[in-house]
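Heads up, the thing below is written out as structure tokens.
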Amino acid sequence: MFYSARFWGGLRGVINLLLAVYMLAPLVVILIISFSSALFLSFPPPGFSLQYYEKMFSNPTWTRTLWTSVKIMVPSAVIATVLGTAAALALSRMESRWAVLIRGLLMAPLIIPVIITAAAIFGVFRIWGLYGTLPGLILAHVILTLPYVMSTVSANLAVFDKRLEDAAANCGAPPFTAFRRVTLPLISPAVLSGMLFAMVISFDELIVSLFLSTPTIRPVTVQMWSNIRGDTDPTIAAIATVLFLFSLFALLIDGLARRKSGRAPGL
Amino acid sequence: MIAKLRSIWLVLPAVLLIGICFIYPVAWLLQRSVSEPVWGLQNYAEIFTKSIYLGVLWNTVTIAGVTTLLCALFGFPVAYSMVHSRPWLRKLLIFVVLIPFWTSILVRSFAWLVILQGGGIINDFLTGVGLIAEPLELVYNRLGVLLGMVQVLLPFMVFPLYSVMARIDGSYVKAATNLGANPIRAFFRIYLPLCLPGLLTGAMLVFIISLGYFITPALLGGRGDIMIAQLIFERIDEFGDWALASALAIVLLVGTALLFGFVSLLLKLRGKGV
């Protein structure tokens, strides 16, 4: 029995099932509870309603913090995308020790533990007067998301045929036109992918925001953090669902963009 | 040459930003750690001699170690299953492993609280059917921390393993069994050593990332499970104690960097066939 294929096949099935339950159960529970009609946390819920979503959108604490998160996410993702893409393009042309060094420098915020980045930025931003301000939070989020954009675009540039751009230049296109008409369309799925990544990370970010935010400028994750530690109000499940749907939505757009680019000629 | 100069202008904004808003602050932190309240290494001496700080360092290393072990034990069969499944099932498994990766760490921790706490789903069910009289302590302790951390970090173990396993030639194991090795011996002597680079990369990734973990242990752990990151946060947030917080951060930074360097070296050596 120990050596039989059936035994091992069965074991694999059990492991797969265990994996699915372990990874998905928490999420499923949150989704169900967010639609509960009970007045307190109970599972399984006695019925379904949208009361917690109504609560979320009628409570100024949640709407204000959600809006703050958006106000941080959009500018930081745009800045990180522009700077990260520019850096990736530059590094793909610099074939030297400098490129390795600069890449390492720009990737550092991704490698070192976020708590260190958070403490360091908090200390310095307080001196510079950026603590508790929107620009301060945006700047900090750019630092955290830039490496993701850069590495996504770099990975795409590694398989990009530089001769295409050379060909455009040889046909008389000025450098910027060659970039805009040839390079950019080819790497745009990766740029979009990097930007979505940056948006999701910024929206979900907690640690740096925890250090930099004040009660007046507070992203939704920080508000959730202070509420979770008190009690398990099902409204948080509704917000958690919104956060999850946002990530899923980004993932979906990314998948669609990739599929579309897969059909594009030359890639 | 002209192209090279242009490249510098393209990369300069990013370098300046990271330099001013990241490298400088970390350097500032390093300086604080040796100059607060006076110049010297007294803060580091305190960390490595006082039992509270040693306790937290010990927690950090053991929680990271056990998380790594559990990720390896669970991740290995999962990766194996992925490699040897039909394409549709493989895609599904990859999706399942990546789902927590795409959900906020807060969302996941909150979900675990709802499931595990005293009046949570598991305890409600077990007391409801009469299996237990008193709720089990499933969270605010080491168990809760490990459950939460393994779930988040599993992808970092599974994907390096998967990429290595997918390239293993099945005929090696077959040859061993044909030559008379029993399957268990063939697994330990042939298959496992071939998986070692993936296992090593995964283990180091999980371990290094675990060392700096903050949210999951803070929400799911108890007072006895405080890890270094949480201590740094509390020192700054509650006491404004930059002396110790900055020294702790530098200890974490150096520890992470040393491990990272060690692993890169090891993988490079392996790559050269040493």
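Numbered from 1 within each chain, the chains take letters A, B, ... in sequence-line order. Since the model is a prediction, treat every value here as computed from it, not as a measurement.
- Only the side chain of B:Phe260 comes within less than 4.5 Å of a heavy atom of chain A; its backbone N, CA, C and O stay farther away.
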>> Run the side chain to side chain contact (heavy atoms under 4.5 Å, CB included) test on B:Leu17 and A:Ile143 for me, step by step, so that the C-alpha distance in whole Å, both residues' side-chain angles and the decisive distance to 0.1 Å come before the verdict.
In response: CA-CA 8 Å; B:Leu17 188 78; A:Ile143 302 286; 4.0 Å; yes
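- Heavy-atom distances place no part of B:Leu92 under 4.5 Å from chain A, backbone and side chain included.
- Interface remark: B:Ile23 contributes side-chain atoms only to the contact with chain A (heavy atom separation under 4.5 Å).
- Within the 4.5 angstrom heavy-atom criterion, no atom of B:Leu16 approaches chain A.
- With a 4.5 Å cut-off on non-hydrogen atoms, B:Ile121 touches chain A through its side chain but not through its backbone.
- Looking at B:Ala245, there are no atoms closer than 4.5 Å to chain A (heavy atoms on both sides), in backbone or side chain.
- Taking every heavy atom of both residues into account, B:Pro77 and A:Ile15 meet most closely at CB-CD1, 3.4 Å.
- Of the atoms belonging to B:Phe74, it is side-chain heavy atoms, and not backbone ones, that fall under 4.5 Å from chain A.
- Heavy atoms only, all atoms of each residue included: A:Tyr22 and B:Leu146 are closest at OH-O, 4.2 Å.
- With a 4.5 Å cut-off on non-hydrogen atoms, B:Ile115 touches chain A through its side chain but not through its backbone.
- Considering all non-hydrogen atoms of both residues, B:Thr256 and A:Pro113 come closest at OG1-CG, 3.8 Å.
- To the nearest 0.5 Å, the span separating CD1 on A:Ile111 from CD1 on B:Ile209 amounts to 11.0 Å.
- For chain A, the nearby parts of B:Ile18 are the backbone and the side chain; heavy atoms of each come within less than 4.5 Å.
- Contact between A:Met23 and B:Val97 at its shortest, heavy atoms only, is CE-O, 3.7 Å.
- Using a 4.5 Å cut-off between heavy atoms, B:Ser109 makes no contact with chain A at all.
- In this structure, no portion of B:Ala257 lies under 4.5 Å from any heavy atom of chain A.
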> For A:Ile112 and B:Phe22, what are the C-alpha separation, side-chain angles and deciding distance, and is it a side chain to side chain contact (heavy atoms under 4.5 Å, CB included)?
Replying inline: CA-CA 11 Å; A:Ile112 84 164; B:Phe22 175 73; 3.6 Å; yes
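- With a 4.5 angstrom heavy-atom cutoff, B:Ile232 touches chain A only via side-chain atoms.
- Only the side chain of B:Phe214 comes within contact range of chain A, with at least one heavy atom under 4.5 Å from a heavy atom of that chain.
- Considering all non-hydrogen atoms of both residues, A:Leu83 and B:Pro13 come closest at CD2-CB, 3.5 Å.
- Remark: side-chain polar atoms of A:Arg12 are paired, donor with acceptor, to backbone N or O of B:His84 under 3.5 angstrom.
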>> Run A:Trp225 and B:Ile215 through side chain to side chain contact (heavy atoms under 4.5 Å, CB included) and show every step you take.
In response: CA-CA 9 Å; A:Trp225 161 266; B:Ile215 308 297; 4.1 Å; yes
>> Checking A:Leu19 against B:Leu154 for the side chain to side chain contact (heavy atoms under 4.5 Å, CB included) test, could you report, in this order, the C-alpha distance in whole Å, the side-chain angles of both residues, the deciding distance, and whether it holds?
In response: CA-CA 10 Å; A:Leu19 176 81; B:Leu154 199 61; 3.7 Å; yes
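- A pairwise comparison of heavy atoms in A:Met224 and B:Leu106 identifies CB-CD1, 4.0 Å as the closest pair.
- In this structure, chain A has no heavy atom under 4.5 Å from any part of B:Ile228.
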